[in-house]
Protein chains: 2
Amino acid sequence: MFQIDALSRTPVYEQIVEQCEQFLLKGVFTVGDKLPSVRQLSVELAINPNTIQKAYLELDRRGLVTSVPGRGVFISEGAIMKVSEDRRENLGKIAELTKELKLAGVKEEEIIDSVRTAYKED
Amino acid sequence: MFQIDALSRTPVYEQIVEQCEQFLLKGVFTVGDKLPSVRQLSVELAINPNTIQKAYLELDRRGLVTSVPGRGVFISEGAIMKVSEDRRENLGKIAELTKELKLAGVKEEEIIDSVRTAYKED
DNA sequence: TCATCTGTACTATATCGCATAGTACACCTA
DNA sequence: TAGGTGTACTATGCGATATAGTACAGATGA
């Protein structure tokens with residue numbers, strides 16, 4: 001399920017958070033679903049339990065999961081909507097990248113082609 | 001000229017590299033131009049000379065700049081073209097962000113509007 | 001009941017990237 | 001020759017990341 005790139009510069013705990021959000025957007029995780037336990041996932045990924053806990057703590061902080069001591073960590077109510085809303089920040093990022101591409105001499109239509117192509121994939 | 005955001009998570013030396021490339025794209029720097037000296041810029045930005053050197057070393061590694069001991073650091077031949085080519089990577093980044101926005105339920109036309117608007121600005 | 005799983009909270013340690021501080025050397029130019 | 005230039009070191013400090021180990025309390029199922 002989760003896959004960690006040990007060579008990546010982005011911290012392991014962030015990779016877990018990111019993938020969790022992806023799973024929410026893709027429908028792999030749904031409201032009420034139970035995440036792998038801290039210890040189980042730490043064994044599965046060959047990673048320290050504290051690192052998993054840090055990832056879950058971050059997900060909790062973002063309101064995407066709810067921790068229940070003794071039971072586990074579960075996807076919160078409204079988690080999918082929250083992630084979707086957060087991802088709208090990408091519109092701003094795209095705007096910034098577009099400005100740079102304009103400076104680099106890339107034509108507007110070429111950028112839009114890239115968007116249309118990407119949107120049609122998958 | 002250069003402006004450092006001390007609160008930013010991106011390292012100071014990367015900020016300098018980034019701004020240098022921006023200056024190249026915007027025409028502030030041209031081939032043959034002399035960059036501020038390591039010591040001068042370190043005083044101006046209130047930053048350690050070693051940090052400036054690290055930034056210039058990175059610019060040199062990317063082939064954007066040529067260091068001449070005793071004289072200074074100068075914009076290389078073909079630097080502008082190199083930066084422009086590198087910035088085409090943004091097309092791929094935009095494609096990735098587009099896919100995420102699609103998952104988040106954002107319509108294709110909304111993304112394209114964002115691109116068109118950004119392209120018209122400045 | 002009890003073993004076992006769960007989350008949680010600590011302390012300690014190691015590593016790495018980043019930045020600073022200081023010194024030194026060789027080169028170029030006015 | 002004096003002062004500015006790039007360059008190369010060593011040493012130090014700091015914060016983020018990750019590991020290691022231990023411990024406690026709540027929940028669950030045999």
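By convention in this document, chain letters (A, B, ...) are assigned in the order of the sequence lines, proteins followed by strands, and residues within each chain are numbered from 1.
For R39(A), no side-chain nitrogen or oxygen approaches OP1 or OP2 of dT6(C) to under 4.0 Å. Contact annotation: T51(B) does not reach the phosphate of dC18(C) (side-chain N/O to OP1 or OP2, under 4.0 Å). Put simply, S37(A) has a side-chain N or O that comes within less than 4.0 Å of OP1 or OP2 on dT6(C).
For I52(A) and dT8(C), the CD1 to P distance is 14 Å, given to the nearest whole Å. Put simply, CD on E44(A) is 16 Å from P on dC5(C), counting in whole angstrom units. Rounding to whole angstrom units, CG of residue L45(B) and P of dA19(C) are separated by 12 Å. Rounded to an integer number of Å, the gap from CG of L35(A) to C1' of dT6(C) is 13 Å. Rounded to whole Å, atom P of dG7(C) lies 13 Å from atom CG of L59(A). K54(B) places its NZ atom 11 Å from the P atom of dT20(C), with the value rounded to the nearest Å. Whole-Å rounding puts the L57(A) CG to dG7(C) P distance at 12 Å. Whole-Å rounding puts the R71(B) CZ to dA26(C) P distance at 21 Å.
Residues G63(A) and K82(A) come closest through the heavy atom pair O-NZ, 3.6 Å.
Extent of DNA chain D lying under 4.0 Å from chain A heavy atoms, first and last nucleotide in 5' to 3' order, is dT17(D) to dT28(D).
Under the 4.5 Å side-chain heavy-atom criterion for Ile, Leu, Val, Met, Phe, Trp and Tyr, Y13(B) and V38(B) are members of distinct hydrophobic clusters. Note: the hydrophobic cluster containing I75(A) also contains F23(A) (ILVMFWY, side chain heavy atoms under 4.5 Å, direct or indirect links).
F29(B) and F2(B) have tilted rings, their planes meeting at an angle from 30° to 60° on a 0 to 90° scale.
Ranking dT8(C), dC18(C), dT20(C) by closeness to the P69(A) side chain, first place goes to dT8(C).
With DNA chain D read from its 5' end, the first of the two nearest nucleotides for E14(A) and N50(B) is the one closest to N50(B). For the pair T10(A) and G70(B), nearest-nucleotide mapping onto DNA chain D gives the more 5' position to G70(B).
In this structure, the side chains of T117(B) and E121(B) come closer than 4.5 Å at one or more pairs of heavy atoms. Two residues are said to be in side-chain contact when any heavy atoms from C-beta on lie closer than 4.5 Å; Q22(B) and L103(A) meet this criterion.
Using a 4.0 Å heavy-atom cutoff across all strands shown, I47(A) reaches sugar-phosphate atoms only and no base atom.
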